[in-house]
Amino acid sequence: MKTYKIAILAGDGIGPEIMREAIKVFKLVEERNAVRFELLEAAFGGQAYFETGHPFPEETKAICDAADAIIKGPIGLSHEESQKIPVDMQPERGALLPLRARFNTYANFRPVYLPKAIASFSPLKPEIVGEGIDIIMVRELVGGLYFGHKETGVNEQGQRYVKEVLEYDEGQIRQILHEGFKLANRRKKVLHNIHKSNVLKSSVLWNEIVAELAPQYPDVKVVHMLVDAAATHLCLNPTQFDVMVMENMFGDILSDQGGGILGSLGLMPSACMGAEKAYYEPSHGSAPDIAGKNIANPYSMIGSVAMMLEMSFGMEEEAKNVWAAMQGVFADGYSTPDLSRGGADVQLISTDAFGDKVVEKLRAMPVPGN
Ligand code: IPM
Ligand code: MG
């Protein structure tokens, strides 16, 4: 029987409560399939800093190093709590970016997925959502402004200044573009290349490499789009997109907009893939304002489980079942208070009740291969 070690980093805010629901899904998948998961919980994020003095403790690093895959909840603290931590130890800079760098998880896949069952969450008009939105944003995750040289100081005029470098080499660009092209090839064969080559030299090089790689994917049609225009098109006509590829900072911003057109970042799981290791995480923050209230929807966390099953363990069918189970719970008229827009037809349930319903749906589905 296949056994996988999974590092569980519950994170901050709503992290622990939505992770609990994800763990229920791992347990059921294990029960239904010829697979064993060894779940290793480890401290990570702001809470980890207060408990151990570091947001990415050595012990957690060792657990992640030894794991076959990592699942991570959201991290981050309220503004007030963050202020109690030195800037470089704050969970984003002290834990999340180092996690990405450690495992060189350069390819971030963010589905912006709105099937019919949850179409009413979208703030867009039904005629714009049409048959539903089904985009995957492919974001470069370990380069660009996030990881470039940073400098602050006082210049000769006595002014405080800051300098942050947006740097990519061709190898980094090539590897993320290959991911975009390969995915487009497996899907609808249209790749939206998102750039800002009218201003940024980094985009000029990026686009040169797009042109160099395109002949290797003759079936894929490349559509070039400036990042600012893409932001508009995502609102006006999101169904024109299938796979979008972009550099790190553009991807950070447009993927949040993706959550916006779905109606909530709570509907955004993601996969962060390196050559050797992958980790999975919701695209959203830790929502300290609703933490501990048992009202956060676990969709993004359970969706991250589905992405792990598919992308790390090759369990495509079971991954589809997990997605379908979640859609099914919405289709039955259930939601959690954080996601609901009200309406008489929606029955509000808690985080754990939602997780239980997902598990119940999944249990009722045929086991793949049986
Ligand atoms: C994301 C988040 C992170 C990012 C933050 C928490 C550092 O916004 O994963 O999109 O900017 O990459
Ligand atoms: Mg972001």
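These numbers come from the heavy atoms of this one structure, side chains and all, not from hydrogens, waters or symmetry mates. Note that ligands are numbered from 1 as they come in the structure, with each ligand's atoms numbered from 1 the same way.
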Is Arg363 paired with Glu31 through a side-chain N to carboxylate O contact shorter than 4.0 Å?
yes

Can a salt bridge be assigned to the pair Lys61 and Glu58 using a cut-off of 4.0 Å between side-chain N and carboxylate O?
yes

N, O or S atom of Asp256 closer to the Mg ion (ligand 2) than 2.8 Å
no

Looking at Asp252, which of its N, O or S atoms is the nearest one to the Mg ion (ligand 2)?
OD1

From the options Lys221, Arg187, Lys189, Arg186, select the one residue that forms a salt bridge (charged side-chain N to carboxylate O under 4.0 Å, His left out) with Asp242.
Arg187

I need the contact type for [X] against ligand 1. Using non-hydrogen atoms and a strict under-4.0 Å cut-off, is it side chain, backbone, both or neither?
| X | result |
| --- | --- |
| Arg139 | side chain |
| Gln90 | neither |
| Arg93 | neither |
| Leu97 | neither |

When you compare the side chains of Ser286 and Asp12, does any donor N or O come within less than 3.5 Å of an acceptor on the partner?
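Not at all, the side chains of Ser286 and Asp12 share no donor-acceptor pair under 3.5 Å.
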
Report, in ascending order of atom number, the atoms of ligand 1 lying under 4.0 Å from any heavy atom of Glu92.
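Every atom of ligand 1 under 4.0 Å from some heavy atom of Glu92: 6 (C), 7 (C).
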
So is Arg110 in contact with ligand 1, going by heavy-atom distances below 4.0 Å?
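Yes.
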
Contact between ligand 1 and Arg100 is defined here as a heavy atom of the residue under 4.0 Å from a ligand atom; is it met?
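It does; at least one heavy atom falls under 4.0 Å.
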
Establish, yes or no, whether the cationic atom of Arg139 lies under 6.0 Å from the six-membered ring centre of Tyr146 and within 45° of the ring axis.
yes

Is there a side-chain contact (heavy atoms from CB on, under 4.5 Å) between Lys357 and Tyr334 once you walk through the steps?
CA-CA 9 Å; Lys357 291 214 175 286; Tyr334 296 103; 3.4 Å; yes

Return the closest protein heavy atom for atom 4 (C) of ligand 1 as residue, atom name and distance.
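Ranking protein heavy atoms by distance from atom 4 (C) of ligand 1, first comes Tyr146 OH, 3.4 Å.
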
Considering only protein heavy atoms, which is closest to atom 5 (C) of ligand 1, and at what distance to one decimal place?
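Protein heavy atom at minimum distance: Leu96 CD2, 4.0 Å.
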
Ring centroids only, cut at 6.0 angstrom: are Phe121 and Phe330 within range, meaning strictly under it?
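Yes, the ring of Phe121 comes within the 6.0 Å limit of the ring of Phe330, centre to centre.
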
Stepwise, does the side-chain contact (heavy atoms from CB on, under 4.5 Å) test hold for Thr239 with Ile128?
CA-CA 8 Å; Thr239 58; Ile128 289 179; over 6 Å; no

Asp252 N/O to ligand 1 N/O under 3.5 Å:
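Yes; the residue has a nitrogen or oxygen that sits under 3.5 Å from a nitrogen or oxygen of the ligand.
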
